[in-house]
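Some notes on the structure that comes next.
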Amino acid sequence: EVRLVESGGGLVQPGGSLRLSCAASGFTFHDYHIGWFRQAPGKEREGVSCISSSRNGGTTNYADSVKGRFTISSDSAKNTVYLQMNNLKPEDTAVYYCAAGVTGYYCSMVSSRGYNYWGQGTQVTVSS
């Protein structure tokens, strides 16, 4: 059974930090790209960051809105991908999802359609 389980969300003040985790099981981890997406109330789901499969070099991509603040990383020994989020802003408030897919040589955040498996999401709230 394929499973992606996110954790690490919560309530944080502006300027604070959180680290999200995405624990994967049930598929060959090093063959899959992993993406982080988020969806705020009343808004469409948007790509935040992704990391290409380790087989394809593990390259990373970030949305312009999070560049310099968020860092994605992968621990193949634990089949886990992390999203370190620093200097959080109220506009980062959303449900964050991780997803796994094999579309393309490198990962992409342009569309969520390239991702086959999704986690249940974790809430991130940035508020004073």
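For V124, the side chain to side chain contact (heavy atoms under 4.5 Å, CB included) partners are L18, L20, M85, Y96, V126, not counting sequence neighbours. Taking the side chain to side chain contact (heavy atoms under 4.5 Å, CB included) definition, one finds that T28 meets it with H30, D31, sequence neighbours left out. In this view, N61 and C50, C107, M109 satisfy the side chain to side chain contact (heavy atoms under 4.5 Å, CB included) rule, not counting sequence neighbours. Under the side chain to side chain donor-acceptor pair (under 3.5 Å) criterion, N86 pairs with S17, Q84, sequence neighbours left out. A search for side chain to side chain contact (heavy atoms under 4.5 Å, CB included) contacts involving T59 returns S52, Y106, not counting sequence neighbours. Residues passing the salt bridge (charged side-chain N to carboxylate O under 4.0 Å, His left out) test with K67 are D64, sequence neighbours excluded.
Grouping the Ile, Leu, Val, Met, Phe, Trp and Tyr side chains by contacts below 4.5 angstrom, directly or via other members, places V66 with I34.
Residue pairs meeting the side-chain hydrogen bond (donor to acceptor under 3.5 Å, both in side chains) criterion with at least one member in residues 71-80: none, sequence neighbours excluded. Note on residues 92-119: pairs passing salt bridge (charged side-chain N to carboxylate O under 4.0 Å, His left out), not counting sequence neighbours, are R38-D92, R69-D92. For residues 35-88, the pairs satisfying ring-ring contact (aromatic ring centres under 6.0 Å, His included) are F37-Y115, F37-W118, with sequence neighbours left out. Sorted pairs that involve residues 9-29 and meet salt bridge (charged side-chain N to carboxylate O under 4.0 Å, His left out), not counting sequence neighbours, are lacking altogether.
In the hydrophobic clustering, V110 connects to no other residue, as no ILVMFWY side-chain heavy atoms lie under 4.5 Å from its own.
Proximity of a side-chain donor or acceptor of H33 to a complementary backbone N or O of G104 within less than 3.5 Å is detected.
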Listing, residues 2-14 side-chain donor-acceptor contacts under 3.5 Å, not counting sequence neighbours, or none:
from : atom 1 : to   : atom 2 : distance (Å)
E6   : OE1    : Q120 : N      : 3.0
E6   : OE1    : Q120 : NE2    : 3.4
E6   : OE1    : G121 : N      : 2.9
E6   : OE2    : C98  : N      : 2.8
E6   : OE2    : G121 : N      : 3.3

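In plain terms, the two heavy atoms of V48 and L83 that are nearest each other are CG1-CD2, 4.3 Å.
With a 6.0 Å radius and a threshold of 12 heavy atoms from other residues, nucleotides or ligands, E44 has its CD atom at or below the threshold.
The distance from atom OG1 of T103 to atom OH of Y32, rounded to the nearest 0.5 Å, is 10.0 Å.
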